[in-house]
There are 2 protein chains.
Amino acid sequence: MNKMHKEHNLTKNQKIIFDLIDKSPQPLKAYSILYNVQKKGIKAPLQVYRALDKLVEIGKIHKIESRNAFIACHNSSCQVAKATAFSICEICEKVTEISSTGLSKYLANFKDKDGMKYSKYNLEFFGLCKKCTLK
Amino acid sequence: MNKMHKEHNLTKNQKIIFDLIDKSPQPLKAYSILYNVQKKGIKAPLQVYRALDKLVEIGKIHKIESRNAFIACHNSSCQVAKATAFSICEICEKVTEISSTGLSKYLANFKDKDGMKYSKYNLEFFGLCKKCTLK
DNA sequence: TTTTTAGTTGTTATAATATAACACTATGTA
DNA sequence: TACATAGTGTTATATTATAACAACTAAAAA
């Protein structure tokens, strides 16, 4: 198996929740996830949050911090949730993961004025998506 | 009063809350703020959140999204809360606002692969601060 | 095989964060 | 004055997230 793409064998709950998020074109919130998986036997918030925590940890999903919502990672280069960038439309709330080599290199190499480098970052851009720009 | 050079004259509640955040070396959370200003007559969460919303809007403070906490802006160039960058220590939780001309220019001019530019961004770097690096 | 271990599960309860709705007040300005 | 805009005080409630504990499971070590 390719090291770069180590499979994390998801447990039942993790799989149910990942599949739901992965199918969704847009970020889902924890309690909306809960509502959607209750018929599959996941009844309590903690069951959802535990699966979310794990999925974030292994990089299968990302949290959109400014929205308290979760989106599947569609960027093969971020196997671990350490370097994330998103664009967020302030009207329709559409969220897109940005995968730009230039951006990720720039940020991974960024040093602050004390010369510190950082091991992780999260960047959220806000503006209007194409559709909303035209309205 | 002349609107052209309108200072944002803070109201009583806004001023109480801004002063508290401004004096704090580290970000404060809403309910910790509430606790600290109760002796000054601010008794309800909404009074705090309303002041916080306004202070964020006019750029006097910023919200650290990943921590649900608020910090005073010490970066004279961000008059409006539209371009923010922070470093966050994952051990001691120390937060520092980054003011790097290079970084802000790079991000302000960033275009995604559809050529879209964005009007605002928020960037949070995570790692260890100097003190915690030495431990 | 048995035992151990780390990780996950299911559950109840509760903490922490944030907003809705409504009546009222202050202030600037037409 | 009257109007518009923004802020206030209040109660209630919605939303997001974690604590604590007992039990289960799979994989690896003995």
Side-chain angles (χ1 to χ4, degrees), chain A residues 1 6-21 26-71 81 93 95 122 124, chain B residues 1-21 26-71 81 93 95 122 124:
Chain A
M1 187 192 304
K6 171 169 186 189
E7 276 297 323
H8 287 277
N9 290 314
L10 302 183
T11 64
K12 181 169 141 282
N13 287 0
Q14 288 162 8
K15 188 156 182 2
I16 290 169
I17 286 171
F18 174 72
D19 286 346
L20 181 69
I21 296 172
Q26 286 306 297
L28 297 176
K29 306 193 127 210
Y31 278 73
S32 140
I33 292 168
L34 175 58
Y35 179 80
N36 276 283
V37 297
Q38 278 178 331
K39 66 193 74 151
K40 301 205 169 170
I42 295 175
K43 294 181 212 147
L46 204 38
Q47 295 174 286
V48 173
Y49 279 105
R50 285 197 284 225
L52 290 173
D53 285 349
K54 189 67 185 180
L55 292 167
V56 166
E57 186 191 323
I58 64 181
K60 301 278 285 179
I61 64 173
H62 301 305
K63 181 172 185 182
I64 311 297
E65 294 286 355
S66 67
R67 299 299 187 261
N68 300 314
F70 299 84
I71 193 172
E93 292 290 321
V95 173
N122 178 59
E124 300 180 7
Chain B
M1 186 194 302
N2 191 336
K3 263 189 177 173
M4 300 291 286
H5 335 130
K6 177 172 185 183
E7 274 295 318
H8 285 285
N9 290 315
L10 302 183
T11 64
K12 181 170 141 280
N13 287 2
Q14 289 162 9
K15 187 158 183 1
I16 290 169
I17 286 170
F18 175 72
D19 287 346
L20 181 69
I21 297 172
Q26 286 305 299
L28 297 176
K29 307 193 125 209
Y31 278 72
S32 139
I33 292 168
L34 175 59
Y35 178 81
N36 276 282
V37 297
Q38 278 178 329
K39 67 193 75 152
K40 299 204 174 174
I42 294 174
K43 295 181 211 149
L46 245 195
Q47 294 174 286
V48 173
Y49 280 104
R50 286 198 283 226
L52 290 173
D53 285 350
K54 189 65 187 184
L55 291 167
V56 166
E57 185 192 324
I58 64 181
K60 302 278 285 180
I61 66 173
H62 301 305
K63 181 172 187 181
I64 312 298
E65 294 287 356
S66 67
R67 299 298 186 262
N68 300 313
F70 299 85
I71 193 171
E93 293 288 322
V95 174
N122 178 60
E124 299 180 8

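Any value given below was found using the heavy atoms of this structure, including those in side chains, with hydrogens, waters and symmetry copies removed. Numbers restart at 1 for each chain; the letters A, B, ... are given by sequence-line order, proteins then strands.
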Would you mind writing out the side-chain donor-acceptor pairs for residues 32-46 of chain A within the sub-3.5 Å range, not counting sequence neighbours?
{"from": "A:Asn36", "atom 1": "ND2", "to": "A:Ser32", "atom 2": "O", "distance (Å)": "2.8"}

Worksheet item: OP1, OP2 of C:dG7 versus side-chain N and O of A:Lys54: anything below 4.0 Å?
Response: no
Worksheet, complete the sentence: Here the gap from A:Leu55 atom CG to A:Lys60 atom NZ, rounded to the nearest 0.5 Å, amounts to 8.0 Å
Worksheet item: Any side-chain heavy-atom pair from B:Val95 and B:Gln26 closer than 4.5 angstrom?
Response: yes
Discussion item. When you compare the side chains of B:Ser66 and A:Glu65, does any donor N or O come within less than 3.5 Å of an acceptor on the partner?
Written reply: no
Worksheet, complete the sentence: Residues passing the side-chain hydrogen bond (donor to acceptor under 3.5 Å, both in side chains) test with B:Arg67, sequence neighbours excluded, are B:Glu93
Worksheet item: For the pair made of CD in B:Gln47 and P in C:dT25, what is the distance, rounded to whole Å?
Response: 15 Å
Worksheet item: Going through the checks in order, is the side chain to side chain contact (heavy atoms under 4.5 Å, CB included) test met by B:Ile64 and B:Asn122?
Response: CA-CA 9 Å; B:Ile64 312 298; B:Asn122 178 60; over 6 Å; no
Worksheet item: B:Leu28 CG to C:dT17 P: how many Å, rounded?
Response: 12 Å
Practice prompt. Of all the heavy-atom pairs spanning A:Ile71 and A:Ile21, show the shortest one and how long it is.
Written response: C-CG2, 3.7 Å
Worksheet item: Heavy atoms, side chains only, cut-off 4.5 Å: are B:Phe70 and B:Leu28 in contact?
Response: no
Table please: side-chain donor-acceptor pairs of residues 13-20 of chain B below 3.5 Å, with sequence neighbours left out.
{"from": "B:Gln14", "atom 1": "OE1", "to": "B:Thr11", "atom 2": "N", "distance (Å)": "3.1"}
{"from": "B:Gln14", "atom 1": "OE1", "to": "B:Thr11", "atom 2": "OG1", "distance (Å)": "3.4"}
{"from": "B:Lys15", "atom 1": "NZ", "to": "B:Asp19", "atom 2": "OD2", "distance (Å)": "3.0"}

Worksheet entry | Near-strand residues of residues 11-19 of chain B, defined as heavy-atom separation under 4.0 angstrom from DNA chain D | B:Thr11, B:Asn13, B:Gln14
Item to complete: Rounded to the nearest angstrom, tell me the gap between atom CG in B:Leu52 and atom C1' in D:dG7.
Response: 15 Å
Worksheet item: Considering residues at least two apart in sequence or located in another chain, which fulfil the side-chain hydrogen bond (donor to acceptor under 3.5 Å, both in side chains) criterion with A:Asp53?
Response: none
Fill in: Atom-pair distance (CG on A:Leu34; C1' on C:dT12), nearest Å
15 Å
Worksheet item: What does nucleotides 12-28 of chain D look like as a protein-contact string, B for base, S for sugar-phosphate only, - for none, at under 4.0 angstrom between heavy atoms?
Response: ----BBBBB--------
Worksheet entry | Length of the CD1-C1' vector between A:Ile42 and C:dT8, whole Å | 12 Å
Response to the item:
Looking only at heavy atoms, the pair that brings A:Leu52 and A:Ala30 closest together is CD1-CB, 4.0 Å
Fill in: Spacing of B:Ile33 atom CD1 relative to C:dA18 atom P, expressed in whole Å
10 Å
Worksheet item: How far does the helix from C:dT1-D:dA30 to C:dA30-D:dT1 bend, going by the axes of its first and last five pairs, to the nearest 10°?
Response: 30°
